[in-house]
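Remarks on the structure that follows.
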Amino acid sequence: MPTPLCFLGGRFIPLEEAKVGVMTHALHYGTAVFEGIRANWNEEEGTANIFRLREHYQRFLSGCQLLKMKLPYSIDDLCRITLELVEKCDYRQDSYIRPLAFKSAQRVANLKLQDLEDDFLVFMIPFGAYLDVNAAARCCTSSWRRIDDTMIPPRFKISGLYVNSVLAKTEATLSGFDEAIMLNTDGHVSEGTGENIFLVKGGKLVTPPASDNILEGITRNTVMEIAHRELGIATVERSVDRSELYTADECFLTGTAAHLTPVGEIDHRPIGDGKMGATTRQLQDLYFDAIRGKKAAYRHWCSAVSLKPVKA
Ligand code: PMP
């Protein structure tokens with residue numbers, strides 16, 4: 001039987017026993033940094049493939065630097081702990097790994113980052129689809145604007161920042177949509193609440209640049225590389241107007257949780273024929289092979305953990 005575990009305070013403990021105190025600084029002020037990493041199950045090989053593990057921890061550590069966190073772990077330690085977690089948890093299905101670095105000091109009425117202790121935890125859970133990758137998502141433009149770099153930098157996964165995404169996702173889903181697309185404070189398209197956005201236009205991919213307050217997604221980078229290498233399709237990183245979304249040939253979202261999800265409709269206007277587009281489908285197929293370690297050219301992106309066969 002798989003064992004839900006959490007690495008906290010320097011050791012692996014049962015997930016249900018992993019707790020923090022009510023005065024934890026991060027709980028009150030959102031002073032934490034997280035990552036979302038997937039371990040993709042490859043049934044034929046009996047491997048859990050952790051996708052682009054090191055890149056996730058590079059982004060994680062940049063966020064920690066912003067919040068003046070000092071973890072007692074190097075990037076190699078973090079990767080090693082995560083590999084051990086995947087092996088110990090033994091999930092033979094797609095799963096999601098959640099590392100969190102947080103201001104663990106039991107101190108409230110204190111808004112300084114300095115002189116506050118930090119802690120690190122990581123756990124994993126079985127996790128299938130976040131959005132339906134086969135159906136084309138129905139999206140709306142959010143009335144909530146993407147927060148600007150001068151407020152809380154969206155280029156890091158800072159816990160407090162995600163209230164912005166949570167408000168937009170809540171509004172969209174309560175209104176019957178699958179996902180919200182946020183504009184930045186200039187009115188340009190930024191991203192989804194937990195995904196980057198791409199348009200297919202005239203045989204090219206177009207996606208907003210880092211300067212439009214996006215999180216520079218690892219899936220975004222993966223798709224750009226696969227599109228270029230496998231299909232000879234270039235990606236143009238430039239500001240995108242809201243009205244351009246409506247006239248795109250195709251549109252899709254990318255993210256660790258969302259994978260590569262086609263968008264069929266934005267603000268009640270169909271994109272293309274309202275179904276998954278041909279380029280989106282080609283990219284999605286290539287992407288799914290890459291993340292499960294099924295394509296030699298991209299195996300270096302997968303840290304494969306071999307799980308021992310279950311005894312009959
Ligand atoms: N934007 C936001 C706001 C996100 O939370 C995520 C998910 N991490 C992404 C984009 C996609 O990033 P990635 O592909 O690295 O998961």
Side-chain angles (χ1 to χ4, degrees), residues 30 32-40 49-63 66 82 94-101 122 124 127 129-131 133 137 139 141-142 144-149 151-172 178-185 188-199 205 207-227 235 237 240 251-261 263 283-284 287-288 290-291 298 301-302:
V33 177
F34 68 100
E35 263 308 319
I37 310 173
R38 269 194 187 262
N40 304 296
N49 293 271
I50 313 178
F51 194 62
R52 303 190 72 171
L53 178 61
R54 207 174 174 86
E55 287 97 320
H56 278 283
Y57 278 123
Q58 272 158 355
R59 185 168 69 187
F60 182 73
L61 289 173
S62 313
L66 180 86
T82 306
D94 291 344
S95 46
Y96 185 80
I97 301 164
R98 168 52 56 84
L100 184 83
V122 56
M124 70 186 294
F127 189 62
Y130 177 66
L131 292 168
V133 290
C139 299
T141 306
S142 183
W144 296 97
R145 293 292 176 100
R146 188 71 180 136
I147 216 155
D148 189 80
D149 188 72
M151 301 164 182
I152 305 174
R155 60 165 43 82
F156 309 115
K157 289 181 76 74
I158 296 164
S159 296
L161 171 82
Y162 274 75
V163 173
N164 184 222
S165 286
V166 167
L167 289 172
K169 181 82 179 186
T170 304
E171 177 190 55
D178 301 310
E179 189 51 276
I181 292 161
M182 285 187 284
L183 307 180
N184 63 16
T185 46
H188 289 121
V189 174
S190 183
E191 58 181 347
T193 60
E195 309 86 16
N196 294 112
I197 187 165
F198 283 81
L199 311 183
L205 294 181
T207 195
S211 51
D212 278 338
N213 292 314
I214 65 163
L215 178 81
E216 282 180 88
I218 290 166
T219 320
R220 174 181 180 271
N221 172 271
T222 300
V223 167
M224 283 160 71
E225 203 156 325
I226 289 179
T235 304
E237 293 178 76
V240 173
C251 178
F252 60 86
L253 301 169
T254 62
T256 297
H259 292 307
L260 197 162
T261 299
V263 173
L283 285 170
Q284 199 192 62
Y287 163 82
F288 276 127
I291 66 165
Y298 305 111
W301 278 340
C302 299

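Computed from a predicted model, the values in this text were never measured in an experiment. Basis for what follows: all heavy atoms, side chains included, without hydrogens, waters or symmetry-related copies. We count ligands from 1, going down the list as the structure has it; atoms in each ligand are counted the same way.
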Exercise. Can a donor-acceptor pair be found between the side chains of Asp212 and Asn184 at a distance below 3.5 Å?
Worked result: yes
For this session: Answer yes if the ring centres of Tyr130 and Tyr96 are under 6.0 angstrom apart, and no otherwise.
Result: no
For this session: Applying ring-ring contact (aromatic ring centres under 6.0 Å, His included), run through Phe34 and Phe60 and close with a yes or a no.
Result: CA-CA 7 Å; Phe34 68 100; Phe60 182 73; 9.0 Å; no
For this session: Have a look at Gly194, Gly255, Ser165, Ala258 and point out the one with the heavy atom closest to atom 7 (C) of ligand 1.
Result: Gly194
For this session: Give a yes-or-no answer on whether the side chains of Asn213 and Asp148 include a donor-acceptor pair shorter than 3.5 Å.
Result: yes
Problem set entry | Non-hydrogen atom of Arg146 closer than 4.0 Å to ligand 1 | yes
Exercise. Which is closest to atom 14 (O) of ligand 1 in terms of heavy atoms, Thr219, Asn196, Leu253?
Worked result: Thr219
Problem set entry | Test of proximity, Ile218 against ligand 1: N or O pairs below 3.5 Å | yes
Exercise. Can you tell me the protein heavy atom closest to atom 5 (O) of ligand 1 and the distance?
Worked result: Tyr162 OH, 2.6 Å
For this session: Answer with yes or no whether Arg59 contacts ligand 1, where contact means a heavy atom under 4.0 Å from a ligand atom.
Result: yes
Problem set entry | Presence of salt bridge, Glu35 and Arg98, under 4.0 angstrom | no
Exercise. Charged N to carboxylate O under 4.0 angstrom, Glu225 versus Arg220?
Worked result: no
For this session: Check whether any N or O atom of Glu191, backbone or side chain, sits under 3.5 Å from an N or O atom of ligand 1, and answer yes or no.
Result: yes
Exercise. Can you check whether Asn40's main-chain N or O pairs, donor with acceptor, with Asp94's side chain at less than 3.5 Å?
Worked result: no
Exercise. What are the atoms of ligand 1, with element, lying closer than 4.0 Å to any heavy atom of Gly217?
Worked result: 12 (O), 13 (P), 14 (O), 15 (O)
Exercise. So, does Thr222 sit close enough to ligand 1 that a heavy atom of it is under 4.0 Å from the ligand?
Worked result: no
Problem set entry | For atom 16 (O) of ligand 1, the option (of Leu260, Asn221, Thr256, Asn213) bearing the nearest heavy atom | Thr256
For this session: With side chain to side chain contact (heavy atoms under 4.5 Å, CB included) as the test, would you mind laying out the steps for Tyr298 and Thr222 before giving the verdict?
Result: CA-CA 10 Å; Tyr298 305 111; Thr222 300; over 6 Å; no
Problem set entry | Heavy atom of Lys157, distance to ligand 1 below 4.0 Å | yes
